[in-house]
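To start, the structure under review is shown below, and the notes come after it.
In this text, all values refer to a predicted model and were calculated from it rather than measured experimentally. So that the names make sense, note that chain A is the first sequence line, chain B the second, and so on, each numbered from 1.
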Amino acid sequence: MSQYLFLYRGAQRPMSPAESQQNMQKWMSWFQDLGQQGYIKDPGQPLEPTGKIVSGKKKTVTDGPFAEAKDLVGGYTIVEARDIAEAAEVSKGCPIFERDGFVEIRPVMKM
Amino acid sequence: VDPLDSLFRHESGRMISVLTRLFGFHNLALAEDVVQDAFCQALDVWKFRGLPENPSAWLMACAKRKAIDVLRRERTAREFGPELGRLADSEWTLVPAVEERFAPHAIQDDLLRMMFSCCDPRLKEEAQVALILHILCGFSVGEVAGALVARHAAIEKRLGRAKKVLAGSRGLFEVANARDVAVRRPIVQRALYLLFNEGYHGASTESVVRAELCREAIRLTSLLQEHPAGDTPSTRALRALMCLHAARLPARLDAGGELLPLSEQDRSRWDRALLAEGQRWLERSATGSELTDYHVEAAIAWAHGSAPSAADTDWARIVALYDQLMRLRPSPVVALNRAIAIAQLEGPERGLAEINAIAGAEKLATYPFHPAALGELELRCGRARAAREHFLKARALARSPSERRFFEQRIEACRRPD
């Protein structure tokens, strides 16, 4: 088994509590499915859309991620799968695709 | 009911009340933003980590954190609530002051104060009801429009105007002042009564929506009654009346979702627990010297609710109660219901005479159950042709597809040989 980092990127934020709620329920049932099939190593966390960037030799601190809204990382999960093909297959059930987002899948380097 | 649905319905009103107390009514929009934000954040976290053990406490903690952020960020740019005043100026006082307002008993108080604020006498009753749904029950503008069967734009305008009026009052209504409370309380009761009626008799075609309105009206009335500022015999009577009516909701529709008249309802489907609760509140409302229309209406509802069948109903008592209600709150609709009860007691001819003698009957011109009642009684007198005419008129006035189908059935019934 190998581990894969799922980065959830660029989904539109829900516009209303009702929409948020439907969205959350879809995510919960997706996570539940994955969990039952033994794919989840760590469900991960959602991330705030803002933050700081520290860069350069001078370690300059500037506001917020460089990425544009359409690429912004909104959360992550660590998935366990046989290979990257299976991990990609697993990601297809993610509700993020309904909201114009995408999943970036990065294999975790093996020791 | 989805537990999350009711979570938002219940918590948004509580959050908005506390936040409005902190920020002031002129910053109501800011309070609404914080509530939405807190809810969206909660759902974002929960979708990854699962539901917390106590979602409402989690949500409230999130709102509190966000409130402190907003107060810190904007304390120089904005003026906040009158009670917070200078406490927001320093870190030493800001956090404890916010903590204190988020204590459970303080939240409960603020919710009640918000309820009283929404019933500002400068607002029309319809605006009060819309505000209650929007602010205390977390209905979006679209949901309010759906519930009250009004256009989205009309509700948006109504709410906008109402909020402008509230913005002028700055702080929440003060429930500590007994005299102010005594003046405002009947207006609150009336608005809750109308909210309940909107669910019980309203024009919305969706029974889910209507049941939710009834449920919300009962929830808010219970809150009012459980608070010292709201607990009067009349509030108890109002609570009783709502329980007793709501108990009959499950039997009002048949298996196919069609309306059933009281006489044909399967009484075993009435909600016994709600009936018992209604009866208890009716008994507890009988203290003091105040007899309100809510008392009388609750007593009528109990006379129906405690009867084993339509035939076994104490119609004499119901007629006497309607006589009383006509003295307390005369209206053509009350007169119509009284006439129907008289028909049960003394026969359809007497009922017809009573209906034809209703003063101000022109106010019933668009009320489909006026011709329907005439039709029912004509049919019972064996005059099917006259009955049919009345039911045709009722069908033309029907306010929803289910009412329409109901009258169609009655028209059909007029064909059967007597």
Side-chain angles (χ1 to χ4, degrees), chain A residues 4-36 39-52 63-65 69 72-79 90-91 93-99 101 103, chain B residues 1-16 31-52 55-56 58-59 62-63 65-66 69-70 73 133-147 152 156 206 208-209 212:
Chain A
Y4 299 89
L5 176 68
F6 279 22
L7 292 171
Y8 306 109
R9 287 182 172 269
Q12 290 164 3
R13 284 180 73 87
M15 298 300 290
S16 68
E19 218 185 302
S20 274
Q21 199 164 312
Q22 284 166 4
N23 182 249
M24 181 194 72
Q25 266 146 353
K26 286 180 186 157
W27 277 80
M28 280 178 134
S29 61
W30 182 58
F31 274 128
Q32 204 174 9
D33 268 9
L34 294 195
Q36 276 163 3
Y39 285 119
I40 293 201
K41 175 75 183 168
D42 176 350
Q45 305 267 11
L47 301 177
E48 291 279 354
T50 55
K52 296 280 184 200
D63 271 346
L72 204 65
V73 178
Y76 69 90
T77 298
I78 295 175
V79 164
V90 159
S91 77
C94 180
I96 200 168
F97 300 109
E98 294 170 22
R99 310 196 64 83
V103 183
Chain B
V1 192
D2 188 314
L4 278 173
D5 275 339
S6 48
L7 179 74
F8 182 66
R9 289 278 186 257
H10 298 185
E11 298 308 320
S12 72
R14 284 153 49 85
M15 291 193 276
I16 233 170
E32 288 180 313
D33 285 349
V34 171
V35 169
Q36 294 254 334
D37 217 27
F39 199 66
C40 288
Q41 181 174 345
L43 296 181
D44 261 344
V45 174
W46 298 350
K47 75 184 180 196
F48 281 85
R49 312 306 300 184
L51 275 184
S56 67
W58 200 106
L59 211 47
C62 183
R65 219 166 36 241
K66 284 182 184 295
D69 283 349
V70 166
R73 198 173 61 229
L133 279 175
H134 184 57
I135 293 185
L136 293 178
C137 308
F139 278 51
S140 66
V141 174
E143 287 170 325
V144 176
H152 191 282
E156 199 159 40
E206 288 183 59
V208 194
V209 172
E212 184 174 29

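- Shortest non-hydrogen contact noted between A/Met28 and B/Lys47 is CG-CA, 4.0 Å.
- A distance of 7.0 Å separates CH2 of B/Trp46 from CE of A/Met24, quoted to the nearest 0.5 Å.
- For A/Tyr76, the part lying near chain B is the backbone, with the side chain staying farther off; criterion is any non-hydrogen pair under 4.5 Å.
- Counting non-hydrogen atoms of neighbouring residues, nucleotides and ligands closer than 6.0 angstrom, the NZ atom of A/Lys41 reaches no more than 12 such neighbours.
- Looking at A/Glu19, neither its backbone nor its side chain comes within 4.5 Å of chain B, counting heavy atoms on both sides.
- Contact detail for A/Ser20 and B/Leu43: the closest heavy-atom pair is CB-CD1, 3.2 Å.
- When all heavy atoms of B/Phe48 and A/Pro43 are compared, the closest pair comes out as CD2-O, 3.2 Å.
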